[in-house]
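Just the heavy atoms: all of them, side chains too, but no hydrogens, waters or symmetry mates, feed the values below. This structure is a prediction, so every number in the text was calculated from the model and none was measured. The chains referred to below are lettered A, B, ... by the order of the sequence lines, with proteins before strands, and numbering in each begins at 1.
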Amino acid sequence: MSEIEILSWARGPGLQIATVIFVAGVVIRIFEILLLGRKANLAEAKGSEMSSGLKTMITRTVPDKTTFKRSSVTIVAGYVFHIGMFISFFFFAPHILFFKDLIGISWPSLPGAVIDACAVISIIALLAVLVNRLTNKVMRFLTNFEDLLTWFLTFLPLITGYFAFHRIGFTAPSLLAAHLLSVELLLVVFPFTKLMHTFTLFLARWYNGAISGYRGVES
Amino acid sequence: MSATIEKGINALKRQVDSSVAAFFSSCVHCGICAEACLFYTETGDAKRTPINKTEPLRRIWKSEYTLFGRVGKMFGLTRKVTDEMLEEWQELVYDSCTLCGRCSMVCPVGNDIALMIRKTREGMAAAGQAPEGLIGATTRSVTIGSPMGVKWPALAAQIRHVEEDSGLKVPVDQSDVDYMLLLSSMEIMNFPEFIEAMAKIFDKAGVSWTISSEAFEATNSGIQIGVSDIAAELVQRIVDVADKLRVKTVISPECGHAYMAIRWDGPNLVGKPFGFKVRHVLEVLDDLHKQGRLKLAGKDTQRLTYHDPCQISRRGGVIDEPRNLINLFADNFVEMPDGGKMNWCCGAGGGVSANERADEIRLKVFDRKKAQLEEVKPDAIISACSNCRIHLEDGLEEHNMDIPLLSLTETIAEYLSDE
Amino acid sequence: MTKDKNLKNGAPEQVNLEKGTPVKGTLGEALRSQGVSRRSFMKFCATTASMMALPPAMIPTIARALENARRPSVIWLSFQECTGCTESLTRAHTSTVESLIFDSISLDYHHTLQAAAGHGAEEAREVAMEENYGNYLLVVDGSIPLDNPGYSTIAGISNLDMLNEAAKGAAAIIAVGTCATYGGIPHANPNPTGAVSVKDIIKDKPIINVPGCPPIPVVITGVLAHFLTFGSLPELDHIGRPKAFYGQSIHDRCYRRPFYDKGQFAETFDDEGAKKGWCLFKLGCKGPTTYNACATTKWNNGTSFPIESGHPCIGCSEPDFWDGGGFYKALSMPTVDLSQTAAYAAAGAAAAGVAIGLMNRSKKNTSNKIHVKTTLEDLKK
Amino acid sequence: MNPAETPQFNIHAGNEFTWNVKPILHEIRHALQRFLDNGETSIIDLRSIPLAPGEEESIIETLGRGEVQARLDVLGASEIYETKYTGVWLVTHYNDSDSIVSRFIEVTEMPDVLKSQREDVVHALNALVTELGTDKT
């Protein structure tokens with residue numbers, strides 16, 4: 001297979017396979033979670049479940065002061081990586097075209113230099129995340145194979161994207177194909193790993209907010 | 001003698017609902033919960049990271065309720081929950097967790113880890129992996145009616161003393177009253193002043209109230225050990241009496257988990273909404289003050305601080321009320337760092353104080369509170385949970401720190417206006 | 001990709017054209033005999049250097065080499081093709097200089113260009129092959145059908161047979177155009193003739209690929225000039241293309257690149273962005289993945305190239321460019337209808353999800369059913 | 001179409017379009033410096049550098065015209081002139097149909113192609129001898 005053939009495969013059938021696994025996996029997982037159901041609370045409410053749940057979905061994004069102080073490395077590295085990745089993922093013109101093709105809507109892109117900077121920052125932050133994971137006592141204790149796998153699979157698209165952007169080492173079709181394939185790999189494992197938190201964290205936060213809010217506590 | 005691992009696993013299966021599934025699906029192993037847990041911060045022992053305590057429940061969720069886990073189970077790839085495993089986790093689930101819920105407040109993906117640990121205890125208890133101390137307390141609750149083995153005659157004697165001291169009548173088994181007061185064994189045995197304080201306050205406020213001779217115990221060991229069936233039985237006793245006496249409101253006393261048990265878990269345990277209201281005593285006092293029926297006189301100039309009992313503030317929603325009340329008499333009130341919903345636990349809740357095996361670690365994790373108190377340097381500490389109060393006194397004594405512990409209700413009673 | 005055994009690390013073996021001298025005399029002698037002055041020769045050398053994308057410092061070396069170059073015999077075979085490549089070559093703008101290069105080779109067979117026809121033409125080929133066996137250059141344009149030899153024949157000889165036969169005595173093969181190099185349009189899905197490229201058939205000769213649909217004429221002549229000058233194949237990339245011309249992508253040399261970097265794109269062919277000359281990436285430009293010299297060498301007397309005239313690059317010098325999901329589909333877009341795929345997957349998964357969800361519920365219900373009320377007795381094992 | 005309605009396509013962007021104009025001018029400056037310091041000559045192939053429409057013209061405009069200009073008639077025309085910066089020459093080769101086939105900037109005292117070439121001089125001598133026949137006075 002030539003690199004152009006691999007690229008064509010990655011842009012076509014490969015993407016199709018990955019999308020089917022990703023979409024089906026995520027939908028099944030969400031159904032799996034929601035259909036388990038939750039008993040209605042019979043205690044007299046002190047606050048609203050719904051509004052508090054919705055609020056926590058957003059407010060939990062910001063850590064409280066003491067938590068920030070105690071876990072600053074984890075939080076800063078995590079946030080920088082997530083934000084950097086978010087920006088380079090959603091605001092790079094070629095990516096926007098991908099979304100446009102997929103969902104029919106598009107939005108303004110950011111200049112290449114900004115995307116590049118975000119990707120670099122994100123890569124550095126992700127490396128910091130790994131170092132932190134391996135050196136922080138608690139994280140090292142909690143870390144299992146899945147954590148390392150998902151780290152690696154998240155790192156791959158970033159690094160291949162960076163290489164493709166700067167055309168380092170290989171020809172553009174090879175780099176582009178590598179980038180696409182790495183994304184496809186990420187999509188395939190996504191529904192079966194902790195990467196699902198991308199979606200389920202909103203459910204989790206809602207439940208957390210609802211449980212607390214029902215008792216009149218902001219969480 | 002019929003606890004089995006199968007029963008334990010079955011109990012864990014029953015605990016998984018959509019919230020638990022969403023929580024486990026979201027955990028990214030960031031470890032932030034550890035930094036919110038005094039059992040980690042004070043021991044530095046990574047295995048006490050809150051989310052790790054839920055491992056038995058996680059394994060059941062993964063292998064029974066996820067597609068990938070089900071497939072894995074077919075090939076024998078999932079990690080099993082065994083007796084040995086649960087035995088290893090006992091110390092984490094019971095001795096190293098007060099269900100204070102601080103972890104639930106900091107988890108960036110929003111996992112209610114305290115709830116997950118509470119659910120894990122259901123499986124542990126059903127598998128016969130609950131600590132001796134808690135089994136004992138639970139047995140006494142069911143058979144005698146109180147975890148400390150307090151029976152009605154003991155309370156009746158305390159009531160007589162109170163009546164003699166105060167000259168006020170303590171109504172017993174009165175029907176159609178506004179309030180039915182519950183008490184914790186700890187108050188009956190160690191702080192009977194509480195009963196006197198309530199008698200004075202209610203007298204001034206002019207409301208009708210009663211204590212039941214059949215169901216006076218507010219605490220609920222079933223909650224702490226993690227056996228909903230037993231917890232429901234204990235709640236049912238109160239419900240039956242409250243219904244019989246046709247009381248409007250049942251008052252949970254100064255006890256954290258008692259409030260959780262009767263106010264928030266109660267209706268869910270017995271499976272139907274209550275025909276009466278349940279309020280914490282601080283809510284009642286705050287309410288009476290707002291109605292103008294609670295009038296205070298005089299000021300306390302001491303440097304006072306308030307220790308939030310976790311189940312009352314963070315898990316119970318009674319946060320503003322104690323502060324409203326304290327401000328009625330305190331001239332020099334200082335908040336503890338992280339006060340309110342983020343307060344650090346005293347280290348003895350959630351059944352830890354009933355579990356003798358945990359005595360050592362309980363005193364070890366008190367270091368957190370000690371450091372806070374050294375920072376605030378209060379003349380006295382106010383709290384609203386007898387269990388917190390006893391443990392705080394215990395811890396302070398251990399470190400030769402002389403800071404008196406005050407009950408908020410009792411202090412209010414002291415500042416009652418004579419008008 | 002099968003690796004040609006004669007290609008080591010993409011660099012071809014030295015082709016020795018010195019051994020035999022198909023046509024007598026060196027190029028220098030030939031030019032002088034035509035009355036070409038030294039000044040003219042210097043101009044020719046400077047232009048050749050520029051054409052071969054060699055640094056000007058190489059001009060004296062080129063001059064020396066060209067002076068002593070031997071005139072090779074060239075046999076040009078055209079298979080499944082459209083004659084676009086020959087058209088491109090014959091319309092090369094540097095007519096004077098290029099004609100010099102053509103004058104310096106002996107084009108012994110090219111059935112489109114040669115005067116002879118029919119048996120005479122084929123005879124010329126056979127004679128040239130025989131006389132220069134082992135030394136002639138074989139130029140091929142067009143792909144070779146493998147499904148049925150009858151799809152394309154010349155004088156009753158199938159393309160495959162003619163290629164095999166002609167390749168035997170060739171010193172090296174130049175595959176001209178995307179058809180000969182990678183199968184090109186005949187090879188495009190569903191490839192009705194079973195078309196393949198030269199390198200798919202010939203494994204034991206150095207092959208130099210000059211892809212493009214058509215290739216830039218000076219690239220063809222540049223490669224010939226390199227032969228003449230150095231008697232060897234130029235340095236090739238991993239898919240057999242001379243690095244001098246195919247070393248950088250259109251994107252990397254495109255004058256519109258700054259717009260790409262700034263995120264300024266033409267969205268349609270007639271919007272403000274298009275008028276302002278912004279990047280054509282969104283209109284499907286394949287410049288980023290296409291390696292060719294268009295952006296610097298340009299076309300039509302160096303006048304312009306597709307992007308300069310407002311059309312995205314279609315990537316014609318890359319393998320399978322016809323199957324790349326559409327010329328006007330941006331490179332970062334999937335080549336398939338992904339939203340439909342996603343919709344079907346979601347619908348199917350929703351059904352499966354409900355089924356799995358119900359299984360989970362029934363499992364939980366069973367747990368609840370077999371649960372016996374826990375009493376004090378049950379707290380110990 | 002009314003001229004006013006003719007769409008204006010601004011594909012000829014400004015000077016600093018590819019950011020290659022300034023660097024080339026600087027390269028010429030450095031070459032001139034080297035030429036002064038140690039006599040090293042340089043040639044820049046303008047066709048090997050990606051330039052936007054108008055940029056080549058912009059470079060040539062900047063360099064301007066100096067004192068010397070020559071027109072060669074070799075395989076089509078060639079135009080050679082010294083720019084207003086002495087020592088910097090612009091060499092443009094055309095083909096038969098007056099299209100530019102190559103273009104160089106040379107930093108030297110005189111581009112080699114201008115000089116009379118030894119082979120041509122030999123050829124010239126022979127031609128002159130032939131012209132003069134046997135008359136050897």
Q: Let me know if A:Phe22 has heavy atoms under 4.5 Å from chain C in its side chain, its backbone, both or neither.
A: neither
**Q.** Shortest non-hydrogen contact between C:Leu331 and C:Lys286, atoms and distance
**A.** CD1-CD, 3.5 Å
Q) Does any donor atom in the side chain of C:Ser197 or C:Asp200 lie under 3.5 Å from an acceptor atom in the other side chain? A) yes
**Q.** Leading residue by heavy atom contact count with chain C [cutoff under 4.5 Å; candidates A:Arg167, A:Glu32, A:Arg29]
**A.** A:Arg167
Q: Pick one of side chain, backbone, both or neither for A:Thr171, based on which atoms fall under 4.5 Å of a heavy atom in chain C.
A: both
Q. In this structure, are over 12 heavy atoms from other groups packed under 6.0 Å from A:Lys100 atom NZ?
A. no
Q) Using 30° and 60° as the class limits, which term best fits the ring planes of C:Trp322 and C:Phe327: parallel, tilted or perpendicular? A) perpendicular
Q | Residues A:Glu218 and A:Lys55 bridged, charged N to O under 4.0 Å | A | yes
Q. Which answer fits C:Tyr291, side chain, backbone, both or neither, if we ask what part of it has an atom under 4.5 Å from a heavy atom of chain A?
A. side chain
Q: Tell me, out of A:Val20, A:Leu97, A:Val23, who's got the most heavy-atom pairs with chain C below 4.5 Å.
A: A:Leu97
Q: Select, from C:Ser332, C:Gly348, C:Gly263, the one with the greatest count of heavy-atom pairs under 4.5 Å involving chain A.
A: C:Ser332
(Q) Counting heavy-atom pairs closer than 4.5 Å to chain A, which one of C:Val354, C:Asp320, C:Ile356, C:Asp323 comes out on top? (A) C:Val354
Q: Answer with yes or no whether the side chains of C:Thr290 and C:Glu318 bring together a donor and an acceptor at under 3.5 Å.
A: no
Q. Tell me, side chain or backbone of C:Lys363 under 4.5 Å from chain A's heavy atoms, or both, or neither?
A. neither
(Q) For A:Phe90, is the CZ atom crowded, meaning more than 12 foreign heavy atoms sit under 6.0 Å from it? (A) yes
Q: Pick whichever of C:Val336, C:Asn360, C:Leu358 has the most heavy-atom pairs under 4.5 Å with chain A.
A: C:Val336
(Q) Looking at chain A, which one of C:Ser249, C:Pro334, C:Gly324 has the largest number of heavy-atom pairs inside 4.5 Å, strictly under? (A) C:Pro334
Q | Over 12 non-hydrogen atoms of neighbours within 6.0 angstrom of CZ in A:Phe141 | A | yes
Q | Interface moiety of C:Phe265 toward chain A, non-hydrogen atoms closer than 4.5 Å | A | side chain
(Q) Just so I understand: if I count every heavy-atom pair under 4.5 Å between each of A:Gly112, A:Gly37, A:Ser174, A:Pro173 and chain C, which residue has the most? (A) A:Pro173
(Q) Let's test your reading of the structure: which of C:Asp337, C:Leu338, C:Thr341 forms the most heavy-atom pairs below 4.5 Å with chain A? (A) C:Leu338
Q) Where does A:Leu7 contact chain C at under 4.5 Å (heavy atoms): side chain, backbone, both or neither? A) side chain
Q. Given a strict heavy-atom distance threshold of 4.5 Å, which part of A:Leu15 is in contact with chain C: side chain, backbone, both, or neither?
A. both
Q) For C:Ile207 and C:Ile202, which heavy atoms make the closest approach, and how far apart are they? A) CD1-O, 3.5 Å
Q: Please step through side chain to side chain donor-acceptor pair (under 3.5 Å) for the pair A:Tyr162 and A:His179, ending with a clear verdict.
A: CA-CA 9 Å; A:Tyr162 179 82; A:His179 182 54; over 6 Å; no
Q) Relative to chain A, which of C:His251, C:Lys364, C:Met359, C:Gln248 shows the most heavy atom pairs under 4.5 Å? A) C:His251
